[in-house]
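Worksheet: one structure, shown below.
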Protein chains: 2
Amino acid sequence: MANLSGDLDTVFHALSDPTRRAVMRRLVRSPASVTELAAPFEMALPSFLKHLAVLEEGGLISSTKAGRVRRCRLRATGLAAAEGWLGDQRRLWERRSDRLAQYVELRLTREGR
Amino acid sequence: MANLSGDLDTVFHALSDPTRRAVMRRLVRSPASVTELAAPFEMALPSFLKHLAVLEEGGLISSTKAGRVRRCRLRATGLAAAEGWLGDQRRLWERRSDRLAQYVELRLTREGR
DNA sequence: GGATAAGTTAGCCATATTGCTAACCATATA
DNA sequence: TATATGGTTAGCAATATGGCTAACTTATCC
């Protein structure tokens, strides 16, 4: 059963492979068929298909079949989930840094008296 | 040999596990020792240590040992690398959407004449 | 010095991941 | 209808991952 919600485990796992990231960079420009996507890689097609499955599992791409050709397109939701989590952490971290900076400044000011 | 540069493979891999993301969320607030970090998890300590190693490998945390206690702190570089890549893709994707929207608008306008 | 606390190392096991080949649909095309 | 094209399925092998226990080192505390 495919994980359409694209939870963080599967999203980040999908992004942890260079082949899969390359596919993402390709699809960011336009949708493409499986063989078009596979062309740049030396890999056998069944191996490549597994990568596509992992991307789809992570909600990073979606695909539909018309006739005998399957067309893949990028899904923004997966990217958004990952970027959202990272952004949250960074903002929390920056806020902490600000607090620390304020605290240090306060200490220095008091010591300066 | 540790991967201090935090390339995307190791960064995303490190983030693909809930235990490791929980450690990140904890460290975003303040540095902490290994046992402090391990406390919320049922896992045996050696297992937990492997997770810390993966995070450090990905350049997401760093640690130093003082006496017998190892203190871990968050490293922003790993987060920045991951967020940077994701942001790039999203921007490219949005730009494509804009182009597409412009194109569609253009077509509609011409058809409207 | 002896006990305790904080990590660490080594090694084992089960499962997941990533690659392959071979064989097999299903749909276009000649 | 025969053949090629695009994709899929099944199954194998090597390696990686994520968990464990047992044993060990190195501080720190009494």
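Naming: A, B, ... by sequence-line order, numbering from 1 per chain. What's counted below: heavy atoms across the whole structure, side chains too, no hydrogens, waters or symmetry copies.
- You won't find any donor-acceptor pair under 3.5 Å spanning the side chain of B/K65 and the base of C/dG7, going by distance alone.
- Rounded to whole Å, the distance from CZ on B/F41 to P on D/dC20 is 13 Å.
- Protein atom CG of B/L52 is 13 Å distant from nucleotide atom C1' of C/dA6, rounded to whole Å.
- The CZ-P distance, from B/F12 to C/dT17, rounds to 18 Å in whole Å.
- Counting to the nearest Å, the P atom of C/dT18 and the CG atom of A/L55 are 11 Å from each other.
- Taking 4.5 Å as the limit, some side-chain heavy atom of B/L45 sits within range of a side-chain heavy atom of B/V34.
- The CG atom of A/L45 sits 10 Å away from the P atom of D/dG6 (whole-angstrom rounding).
- Scanning atom types as modelled, one donor and one acceptor separated by under 3.5 angstrom connect the side chain of B/R68 and the base of D/dA27.
- Contact between the side-chain N/O atoms of A/H51 and the OP1/OP2 oxygens of C/dT17 is not found at any separation under 4.0 Å.
- Within the structure, no pair that satisfies the ring-ring contact (aromatic ring centres under 6.0 Å, His included) test touches residues 14-34 of chain A, not counting sequence neighbours.
- Candidate nucleotides C/dA10, C/dG19, D/dG6 were compared by shortest atom distance to the side chain of A/M43, and C/dG19 ranks first.
- The side chain of A/V69 lies closest to D/dG6 when the candidates are D/dG6, D/dT21, C/dG7.
- A/R26 places no side-chain N or O within 3.5 Å of a backbone atom of A/E36 that could act as its donor or acceptor partner.
- The phosphate of C/dG7 (OP1 or OP2) has a side-chain N or O of B/T35 nearer than 4.0 angstrom.
- In terms of position on DNA chain C, the residue among A/K50 and B/V34 whose nearest nucleotide sits closer to the 5' end is B/V34.
- Atom CD of B/E57 and atom C1' of D/dT17 are 13 Å apart (whole Å).
- Counting non-hydrogen atoms under 4.0 angstrom, B/S33 reaches the backbone sugars and phosphates but no base.
- Of the candidate nucleotides D/dC20, C/dT18, D/dG18, D/dG18 has the atom lying nearest to any side-chain atom of B/R20.
- Here B/R71 lies out of heavy-atom contact (under 4.0 Å) with every strand.
- Exactly one residue among A/V23, A/L37, A/L74 makes a side-chain contact (heavy atoms from CB on, under 4.5 Å) with A/L55. That residue is A/V23.
- A/S47 comes within 4.0 angstrom of a nucleotide base, judged by non-hydrogen atoms across all strands.
- The distance from atom CG of A/L49 to atom P of C/dG19 is 12 Å, rounded to the nearest whole Å.
- A straight line from CG of A/D17 to C1' of C/dA16 spans 14 Å, rounded to a whole angstrom.
- Only one option out of B/E56, B/R73, B/R71 pairs with B/S63 in a side-chain hydrogen bond (donor to acceptor under 3.5 Å, both in side chains); it is B/E56.
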